[in-house]
Each structure stands twice: as structure tokens, then as C-alpha cells.
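Let me begin by presenting the structure, written as C-alpha cells, before commenting on it.
Hydrogens, waters and symmetry mates are skipped; everything else that's a heavy atom, side chains included, is used. This structure is a prediction, so every number in the text was calculated from the model and none was measured.
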Amino acid sequence: MRHHPSSGPRFDRRLVAGLLLLTMACLLATMPFCLMLINQRAASTVSESHSQAVGLLRESETRGELDSAHEYNRRLFSDGSTVLGEAVDPWSGSPSSVSEQDDAYQSQLDSPADGIMATISYPRLGIDLPVRHGTSSSVLAAGAGHLYGTSLPVGGNSTHSVISAHSGLADQLMFDRLSLRQGRIGDVFYIKVAGRTLAYKVTSIEVIDPGDFTRFAIVKGHDQVTLLTCTPYGVNNKRLLVTGERASMPVQAPEPKDAPGDDSGIWIIVWIMAVWLASMTAAFKAVCSHIRPGGVRRAVRGQHLMH
């Protein structure tokens with residue numbers, strides 16, 4: 001008995017091409033979000049590893065790091081800063097920025113030797129990043145950076161530290177939610193440095209021009225930290241400043257473990273699952289609609305004739 005090709009499911013090239021395009025569309029729609037979750041978790045892991053390494057240091061080492069940083073800040077307040085950011089000295093003959101050439105600065109908060117000076121967490125917005133010296137492109141590609149020329153992030157009267165991070169990257173969530181204007185007056189963020197945790201309550205949110213450095217000035221008697229990123233989201237021609245004033249714990253600010261959390265990661269996972277579920281449902285329906293009607297019945301009838 002001859003076998004008829006039409007006795008079973010048959011797929012044409014248009015169906016195969018459609019399924020491939022559907023799969024590619026799903027990958028394009030969900031891959032950036034997958035990478036965001038992966039990179040966000042990786043940054044948090046780096047911060048956790050740094051905190052664990054700091055915990056292994058002797059108390060005398062961390063105390064020495066803090067004493068040196070406080071002295072650095074006192075000199076900065078007294079003498080002022082002539083350079084802010086990653087300026088390059090045109091007369092040095094070196095492509096390195098001023099901050100990279102400043103050994104006194106690079107030696108601050110350099111224990112343990114992992115290149116991280118502190119960590120920044122903003123629980124309500126899901127921010128948890130390591131903070132490194134300077135704001136070079138390589139530093140900001142891996143997390144947050146401390147703006148050279150501002151106070152080191154160790155707290156104390158007459159200090160103003162500025163911490164910067166990217167927003168709008170295709171595969172990473174850093175200060176994105178700040179750029180999207182989701183920060184609020186009264187929010188609390190935390191700096192962990194040399195085994196200490198410092199809380200800051202947001203007191204102002206401003207948008208400035210990129211060349212406006214006046215908002216970074218130290219205010220005598222105040223202990224401030226400003227989070228700096230680009231805005232509007234995706235345009236990036238302005239700068240967003242989220243400034244916090246030092247707050248005591250747990251009276252003025254909750255302990256980090258008690259601070260309002262973030263559930264955006266759950267919604268990202270739900271979005272990814274929904275896209276793939278919808279695509280698989282569409283693919284299943286397309287395959288079923290391309291199976292020739294009666295094909296299964298002919299196959300069954302052929303089997304009866306053979307008996």
C-alpha cells in the first residue's frame with residue numbers, strides 16, 4: 001500500500017518562518033529585561049561581597065580608614081576643591097584623569113583591596129550598587145562612582161558627597177528609577193562604608209544643566225549626600241539631583257531591613273512570563289491551524305484496511 005504524504009501534519013515554509021519571527025520578537029522583547037535582572041543581581045552580589053570583606057577587617061583598620069577619610073573631608077572643606085569630576089590635565093601628557101592621578105584620593109577607603117569605597121542602597125527603588133573612586137566610563141559601567149572633588153561618603157558635619165550612576169542603559173538598572181522621577185521627598189537611602197551604615201532622608205529633588213556645579217557646594221554644619229544621574233530618561237541632556245540630609249536611625253529613618261522595599265523585579269518577571277506564554281499560545285494555535293483537516297482520519301482509516 002502506498003504512503004500518502006498528506007496522511008499526516010504538513011508544515012509550509014511560511015509557518016516555519018512565522019514561528020522563527022515570533023521567537024525572535026519574544027527574545028527582543030524580553031532579553032533586555034532578563035539582562036537587567038541578571039545585572040542588578042550581580043551588582044547586589046558585588047555589594048554584599050564587599051560588605052562581607054569589610055566585616056573581616058580588624059576594627060582598628062576600619063577605624064583608621066574612617067579617621068583618614070574624615071581628615072580628608074576637613075581639608076576639603078577648609079581648602080576647597082579646584083576640580084570636580086573626571087577632568088584631564090592637558091599639561092600632564094597622560095590620558096588619565098586628575099582623580100586617577102591623585103594618589104591621596106585613591107588611597108582613601110581602599111580597604112579591602114577590591115576597588116570599592118562604599119555601597120549605596122535605596123530600598124524603595126531597588127537600588128543597590130557598589131561605589132568606586134571617580135566617575136570614569138569604566139567605573140560607571142560597573143556601578144556607581146564618587147564625584148571627585150566632593151566629600152568622601154563617610155558623613156560628618158560640613159560634608160557634601162556626590163554619588164553618580166548611569167540611567168537608560170539597555171541592559172542595566174542603576175539610577176533609572178531616579179531618572180524616571182520615582183524618587184520622593186522623605187525617601188531614605190543608605191551608605192555603607194567601612195562597616196558603618198549611614199542613613200539619608202531625601203530633602204530636595206532638582207533638575208540642573210550639566211555644567212552647573214553650584215548645587216554640589218558644602219553647606220557648613222550640614223551632612224549631605226547627592227545622587228546624580230541624567231534626565232529626562234533616554235534624552236539625558238539635563239542632570240537630576242536627589243539630595244539627602246543625614247538622619248539618625250531608627251528615630252528619623254528606619255533601619256535598612258525595615259525600610260520600604262521594592263517589588264518591581266517581580267513585575268518584570270511577570271512581564272517576561274506573560275510575553276512567552278502569549279507567544280507559545282499563538283504558536284500552538286498556528287501549528288494546529290496548519291494541520292490538514294482529515295489527515296488523522298485518513299491515517300486511521302488506512303490502518304483499518306491493513307488489518
Side-chain angles (χ1 to χ4, degrees), residues 47 50-51 53-55 57-81 84 99 104-112 116-124 127-135 143-165 175 178 183 185-205 215-228 241-259:
S47 295
H50 173 75
S51 296
V54 170
L57 297 175
R58 295 191 300 272
E59 174 64 24
S60 59
E61 290 181 83
T62 56
R63 171 51 59 187
E65 288 282 308
L66 288 171
D67 289 345
S68 177
H70 283 303
E71 179 58 30
Y72 180 97
N73 286 345
R74 282 190 287 269
R75 291 196 306 269
L76 184 67
F77 176 62
S78 174
D79 302 338
S81 176
L84 278 177
S99 69
Y105 169 68
Q106 293 292 335
S107 66
Q108 300 296 325
L109 302 175
D110 63 348
S111 294
I116 298 171
M117 63 160 57
T119 64
I120 165 74
S121 66
Y122 196 134
R124 195 181 71 79
I127 295 170
D128 187 5
L129 296 170
V131 181
R132 296 177 172 84
H133 294 77
T135 50
H146 168 255
L147 186 69
Y148 178 71
T150 68
S151 307
L152 295 169
V154 293
N157 287 333
S158 303
T159 60
H160 190 173
S161 180
V162 178
I163 295 174
S164 180
F175 279 2
L178 289 178
I185 302 296
D187 279 352
V188 178
F189 61 87
Y190 302 88
I191 305 292
K192 293 183 180 180
V193 56
R196 276 67 171 176
T197 300
L198 314 178
Y200 290 84
K201 183 170 286 189
V202 176
T203 56
S204 68
I205 300 175
R215 303 299 199 282
F216 303 149
I218 297 171
V219 180
K220 185 176 181 180
H222 287 257
D223 181 344
Q224 297 176 310
V225 170
T226 291
L227 308 182
L228 166 67
L241 309 182
V242 177
T243 299
E245 191 85 22
R246 180 76 175 275
S248 62
M249 296 184 294
V251 177
Q252 297 173 313
E255 298 287 344
K257 62 182 178 62
D258 299 322

- Query: Under the 3.5 angstrom rule, does the side chain of N73 hit a backbone N or O of L152 as a donor-acceptor pair?
  - Reply: yes
- Message: If you define the side chain from C-beta out and look only at heavy atoms, does anything of I191 sit under 4.5 Å from I163?
- Response: yes
- Identify the two heavy atoms, one from G183 and one from L178, that lie closest to each other, and give their separation to 0.1 Å. CA-CD2, 4.4 Å
- Message: Can you give me the closest heavy-atom contact between S107 and A104, atom names plus distance?
- Response: OG-O, 2.9 Å
- Query: Do you know which two heavy atoms are closest between G145 and V131, and how far apart they sit?
  - Reply: C-CG1, 4.0 Å
- Query: Within a strict 4.5 Å, meaning less than it, do heavy atoms of the M249 and T197 side chains meet?
  - Reply: yes
- Walk me through it: do F189 and I127 pass the test side chain to side chain contact (heavy atoms under 4.5 Å, CB included)? CA-CA 9 Å; F189 61 87; I127 295 170; over 6 Å; no
- Query: What distance do L227 atom CG and S161 atom OG have between them, rounded to the nearest 0.5 Å?
  - Reply: 9.0 Å
- Item | Side chain to side chain, T226 and R215, heavy atoms closer than 4.5 Å | no
- Item | Between OG on residue S68 and CD on residue E71, distance to nearest 0.5 Å | 8.0 Å
- Please walk me through it: do L198 and R246 pass side chain to side chain contact (heavy atoms under 4.5 Å, CB included)? CA-CA 7 Å; L198 314 178; R246 180 76 175 275; 3.3 Å; yes
- Task: With side chain to side chain contact (heavy atoms under 4.5 Å, CB included) as the test, would you mind laying out the steps for V202 and Y122 before giving the verdict?
- Result: CA-CA 11 Å; V202 176; Y122 196 134; 3.9 Å; yes
- One should read off an interatomic distance between S158 OG and L76 CG, to the nearest 0.5 angstrom, of 11.0 Å
- Under 3.5 Å donor-acceptor, T119 side chain and L129 backbone: no
- Please examine the side chains of D110 and E65, heavy atoms only from C-beta on, and report whether any two atoms are closer than 4.5 Å. yes
- Shortest non-hydrogen separation from A253 to A247 and the atoms involved: CB-CB, 4.0 Å
- Task: Decide, yes or no, whether a salt bridge links R196 with E59 under the criterion of side-chain N to carboxylate O below 4.0 Å.
- Result: yes
- Once the angle between the rings of Y105 and Y72 is folded into 0 to 90°, is it parallel (under 30°), tilted (30 to 60°) or perpendicular (over 60°)? tilted
- Message: For the CD atom of Q108 and the CD atom of Q106, what is their distance to the nearest 0.5 Å?
- Response: 10.0 Å
- Message: Could you check whether any side-chain N or O of K192 sits under 3.5 Å from a backbone N or O of S51, counting only pairs where one atom can act as donor and the other as acceptor?
- Response: no
- Answer whether the closest heavy-atom distance between the side chains of D223 and Y200 falls below 4.5 Å. yes
- Where G186 and K201 come nearest, the two heavy atoms and their spacing: O-CG, 3.8 Å
- Message: Can a side-chain donor-acceptor contact be found between H160 and T150 if the only test is distance below 3.5 angstrom?
- Response: no
- So, do S99 and H133 sit near enough that their side-chain heavy atoms are less than 4.5 Å apart? no
- Message: How long is the straight-line distance from CZ of R124 back to CG of D187, given to the nearest 0.5 Å?
- Response: 4.0 Å
- Task: Give, for atom CD1 of I218 and atom CG of N157, the distance between the pair rounded to the nearest 0.5 Å.
- Result: 11.5 Å
- Query: Considering all heavy atoms of both residues, which atom of E245 and which atom of H222 are nearest to each other, and what is their separation?
  - Reply: OE2-ND1, 2.8 Å
- Should F216 and L241 count as side-chain neighbours, where that means a heavy-atom distance under 4.5 Å? yes
